[in-house]
**Student:** 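Attaching a single structure in C-alpha cells format; questions to follow.
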Amino acid sequence: MCGIVGYIGDRDACPILIKGLRRLEYRGYDSAGVALVGGDGSLNVYKCKGKIDALEHFLADKDTAGTVGIAHTRWATHGEPNDTNAHPHFSADGRIAMIHNGIIENYRVLKDALTAAGVTFRSETDSEVLVNLIEYVRDTEGCTLEEAVRLALKKVVGAYAIAVVEKGNNDKIIAARQSSPMAIGVGKGEYFISSDASSIVEYTHDIVYVEDGEIAVIERGKPLQLVTLDNEEAEYRVTKLDISISDLEKGGYPTFMLKEINEQPRTIVDCIRGRVNADSGRVILSGIRDNIDRWLAARRVVFVACGTSWHASLIGKQLFENICRIPAEVEYASEFRYRNPVLFPDDIVIAVSQSGETADTLAAISLARKAGAFVYGICNVIGSSIARATDSGTYVHVGPEIGVASTKAFTGQVTVMAMMALAIAERKGTVSKEYYDEVAQGLLSLPEKLKEVLELSGQVADLAKIFTYAHNFIYLGRGYNYPTALEGALKLKEISYIHAEGYPAAEMKHGPIALIDAEMPTVAIVTPDVTYEKTLSNIEEVKARGGKVIAVMAKGDATVPGITDYVIEVPAVIDCLMPIIVSVPLQLLAYYIAVYKGRNVDQPRNLAKSVTVE
Ligand code: F6R
C-alpha cells in the first residue's frame with residue numbers, strides 16, 4: 001500500500017525513480033509524485049492524481065535535473081486521491097519534502113498543536129502533518145535533518161516508511177521505518193530506497209532491510225548509517241537478493257495476472273523442489289525438521305492470515321486435522337489482533353502471507369509472540385517483515401507476484417501446507433504409508449496436471465463470454481473445496497466487480513438458495529471425495545429452481561454433465577490437493593470475465609497489493 005522509492009548517486013534520479021514507481025504501482029495507483037534536489041540545491045516537487053503514466057506526462061516539460069530524489073505512488077487513506085493530497089508533501093515553508101507509506105494515528109493531536117503554533121496545511125493528509133512536525137522540530141531545536149526526523153518520530157504513533165529530502169542539500173536522504181516495509185539497495189557510490197527490494201534488483205542485489213524504529217542516514221559518498229529512535233547506532237546486514245529482472249516483467253503476456261496464472265506449473269516445481277524427493281517420495285522441510293519436538297508436542301495450530309491467504313489457511317486447517325490429527329483454527333489476523341485470544345505455550349501460530357508485509361498479520365504475530373506461542377511463517381517474499389518476525393517458517397518460493405489478485409501464491413501456499421502436514425504426519429505416525437505416498441506422488445504430479453488445466457484456457461474464456469452479463473454469482477464447494485469456492489468468488493469480485501458469494505454447498509439451502517434464478521449463475525465444484533454424491537444433490541437443488549450451473553468436475557465423470565449446463569473437466573488428484581487444480585480454472589474464469597468487461601485486472605479499482613495499513 002503506497003510505494004516509495006528514493007535515489008542518491010551520480011546518475012539522473014528522475015528516470016530511476018519513475019522506473020521504480022512503475023515496479024511499485026501494484027501497491028497503489030491513486031496519485032504519484034517526485035521530489036528532486038538539483039545540483040544548485042533547488043527542491044522541485046511534481047505530483048498529480050492518477051497513475052505513473054499521468055505523472056510521466058506531467059513531467060515532460062519540467063526541470064527534472066538532479067541526482068537525489070524521492071518518489072511515491074499512493075493508495076489513499078486520509079484524503080481523496082487528488083493533486084494536493086498526492087505525495088511528496090512539503091513543509092509549510094517549502095524547505096523539506098517527504099514521502100510516506102503508512103498511517104500517522106495521532107495526526108489530529110499533532111495537527112492541532114502545529115496549527116496553534118501557526119503552521120498552515122495544504123492537504124487533508126496525515127503525512128503533511130509529519131513533514132511539518134519535522135520542520136517545526138528542525139526550527140525550534142536548530143538541529144540536523146536526521147535529528148529533526150528522529151525527534152519528530154518520537155512523537156508519532158502509527159505506521160510509517162518515510163523518506164525525506166531538504167532544499168539546499170543534494171547529498172542526503174533521511175529514511176525511517178515503523179511497521180511499513182523499507183529496503184535500501186547498496187550500489188557502487190549510490191543508494192536506492194524502496195518499499196519492495198525486488199523493484200531495485202536491476203541496479204543492485206545488495207539489500208539492507210531497515211527494521212522497525214530505525215532511521216537511515218543515506219549520504220552521498222559515505223557508508224550507510226542506521227540509528228534507533230533513541231539515537232543508538234543500529235547494526236545492519238547486507239543481504240543478497242536472488243531475483244532476476246525477468247521475474248518482474250510480463251514476459252509477453254498482456255497482464256501480470258495472466259502471466260502468473262500460466263506460471264503455476266513451474267511455480268509448483270519451484271515450491272516442491274528439494275522438498276519432495278522424486279525418487280523416495282519423502283517430504284523434508286527444514287522448518288519442520290529443525291523444530292520437530294515442538295511440532296510433535298503441538299496442542300493446536302492457529303492460522304492467522306488475510307484474504308486469499310486466509311482461504312489457503314482454511315485448506316491448511318483441514319490438511320493439519322486430517323493428516324496430522326492436530327486441532328487447527330483459522331483466524332482473520334485483523335480480528336485476532338484485537339481480541340484476547342486463548343493461546344497455550346504449546347500452540348503453534350502459523351502466519352500465512354504472500355507479501356510478508358500485511359499489517360494485520362504482523363500485529364497478530366506480535367500478539368502471539370507476546371503470549372509465548374511459537375510462530376511459524378508461510379511467506380512468499382524472501383526477507384519480508386513477516387518472514388523476519390517469525391520463529392521459523394517455509395517459503396512458498398513461487399517468485400514475485402505482481403498482479404494485485406493473488407493466484408500462484410494461493411496454489412503455492414496450499415502446496416506448502418500439504419508438505420508440512422505430510423512431514424509432521426510421518427513423524428507422528430498419523431497416516432498410513434499408502435496415504436502418505438499417494439499425497440506425495442500427488443504433489444509430484446501437480447506440475448503436469450496444471451499444464452493440462454491451462455490447456456482449458458480457451459474453453460474457459462468462451463464460458464466467460466457467455467456469463468459476462470451476470471451481476472451476481474454463487475460458488476459452491478464442500479470439504480477441501482469449500483475454501484476454493486470462497487477463493488473463486490473473491491477473484492471474480494476483485495477484478496470484475498461482479499458480486500459473488502462462496503458457500504459450502506449444503507449450507508446454500510439455509511438461505512442463499514432464495515437468490516437462485518436464471519440470472520444468477522452457480523459455479524459448483526464437484527470432484528471425487530466423500531461429499532461427491534451430496535454435492536450432486538446440491539446441484540440438483542439449484543437446477544430445480546431454474547439456476548444455470550457451471551461445474552468444475554474431474555475428467556471422465558459421466559454424471560455431472562447430465563445435470564449441469566456447462567462443465568470444466570480437470571485432471572483428478574487426491575482430494576486434499578484438488579484445490580490446487582480447481583482454483584486455476586476459477587482464476588481463468590474471473591480473469592476472462594473481467595477482461596470482457598473491460599476491467600484493468602492488474603490494477604483493480606480501490607485495491608492495492610500488500611496491505612501495509614490496518
Ligand atoms: C486477493 C489478495 C488479498 C491478499 C491479502 C493478504 O487476491 O491478494 O486478499 O491475499 O491482502 O495478503 P498477503 O498474503 O500478502 O498477506
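As the structure lists them, so they are numbered: ligands from 1, and atoms in each ligand from 1.
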**Student:** Backbone, side chain, both or neither: what part of Glu357 comes under 4.0 angstrom of ligand 1, heavy atoms only?
**Tutor:**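 Contact part for Glu357 vs ligand 1: neither.
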**Student:** When rounded to the nearest 0.5 angstrom, what distance separates CE in Met182 from CD1 in Ile162?
**Tutor:**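 It is 7.5 Å, given to the nearest 0.5 Å.
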**Student:** Below 4.0 angstrom from a heavy atom of Ser353, which ligand 1 atoms are there? Numbered from 1 as shown, please.
**Tutor:**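 So the answer, numbered in order with elements, is 13 (P), 14 (O), 15 (O), 16 (O).
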**Student:** Can you tell me which residue and heavy atom of the protein come closest to atom 4 (C) of ligand 1, and the distance to 0.1 Å?
**Tutor:**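 Going by distance alone, atom 4 (C) of ligand 1 is nearest to Thr308 N, 4.0 Å.
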**Student:** Show which atoms of ligand 1 fall inside a sub-4.0 Å distance from at least one heavy-atom site of Glu494.
**Tutor:**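 In order of numbering, the contacting atoms are 1 (C), 2 (C), 7 (O).
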**Student:** Do NZ/NE/NH1/NH2 and the carboxylate oxygens of Glu263 and Lys259 come within less than 4.0 Å?
**Tutor:**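 Salt bridge present between Glu263 and Lys259.
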**Student:** Considering non-hydrogen atoms of the protein only, which is the closest contact for atom 14 (O) of ligand 1, and what is the distance?
**Tutor:**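 Scanning the protein heavy atoms, the shortest distance from atom 14 (O) of ligand 1 goes to Ser309 OG, 2.6 Å.
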**Student:** Within the side chain of Asp602, is there an N or O that forms a donor-acceptor pair under 3.5 Å with the backbone of Met257?
**Tutor:**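 Yes, the answer is positive, given that a donor and an acceptor are paired below the 3.5 Å cut-off.
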**Student:** Return the closest protein heavy atom for atom 16 (O) of ligand 1 as residue, atom name and distance.
**Tutor:**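 Closest protein heavy atom to atom 16 (O) of ligand 1: Thr358 OG1, 2.4 Å.
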**Student:** Are Tyr482 and Tyr503 an aromatic pair by the rule of ring centers under 6.0 Å?
**Tutor:**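 Centroid distance Tyr482-Tyr503: not below 6.0 Å, so no.
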**Student:** Any idea which atoms of ligand 1 are less than 4.0 Å away from a heavy-atom of Ala405?
**Tutor:**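 Every atom of ligand 1 under 4.0 Å from some heavy atom of Ala405: 7 (O).
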**Student:** How far is atom 5 (C) of ligand 1 from the closest protein heavy atom, and which atom is that?
**Tutor:**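 Of every protein heavy atom, Cys306 O, 3.7 Å lies nearest to atom 5 (C) of ligand 1.
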**Student:** What part of Thr361, side chain, backbone, both or neither, has a heavy atom within less than 4.0 angstrom of ligand 1?
**Tutor:**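 Thr361 to ligand 1: no contact under 4.0 Å from either part.
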**Student:** By number and element, which atoms of ligand 1 are closer than 4.0 Å to a non-hydrogen atom of Gly307?
**Tutor:**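 Matching atoms, with element in brackets: 9 (O), 10 (O).
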**Student:** Do Arg300 and Asp347 meet the salt-bridge criterion of a basic N to acidic O distance under 4.0 Å?
**Tutor:**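 Counted as a salt bridge, because a side-chain N and a carboxylate O are separated by less than 4.0 Å.
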**Student:** What do you reckon, does Lys491 put a non-hydrogen atom under 4.0 Å from ligand 1?
**Tutor:**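 Lys491: in contact with ligand 1 (<4.0 Å).
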**Student:** State yes or no: are the ring centers of Phe320 and Phe303 separated by less than 6.0 Å?
**Tutor:**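 So the answer is yes for these two rings.
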**Student:** Starting from atom 11 (O) of ligand 1, which protein heavy atom do you reach first, and at what distance in Å?
**Tutor:**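 Checking every protein heavy atom, the shortest distance to atom 11 (O) of ligand 1 gives Val611 CG2, 3.8 Å.
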**Student:** Checking Arg599 against Tyr497: charged group under 6.0 Å from the ring centre and within 45 degrees of the axis?
**Tutor:**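 Relative to the ring axis of Tyr497, which defines the angle, Arg599 lies outside at least one limit.
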**Student:** Under 3.5 Å, is there a donor-acceptor pair between the side chain of Asp206 and the main chain of Lys240?
**Tutor:**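 A pair under 3.5 Å: no.
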**Student:** Would Leu607 count as a contact residue for ligand 1, given that I'm defining contact as a non-hydrogen atom of the residue lying under 4.0 Å from a ligand atom?
**Tutor:**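 Outside the 4.0 Å threshold, so no.
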**Student:** Has the side chain of Arg275 got a donor or acceptor atom that lies under 3.5 Å from a matching backbone atom of Cys271?
**Tutor:**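 Looks like yes, one N/O pair under 3.5 Å.
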**Student:** Just need the protein heavy atom nearest to atom 15 (O) of ligand 1, so name the residue and atom and give the distance.
**Tutor:**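 Protein heavy atom at minimum distance: Ser355 OG, 2.6 Å.
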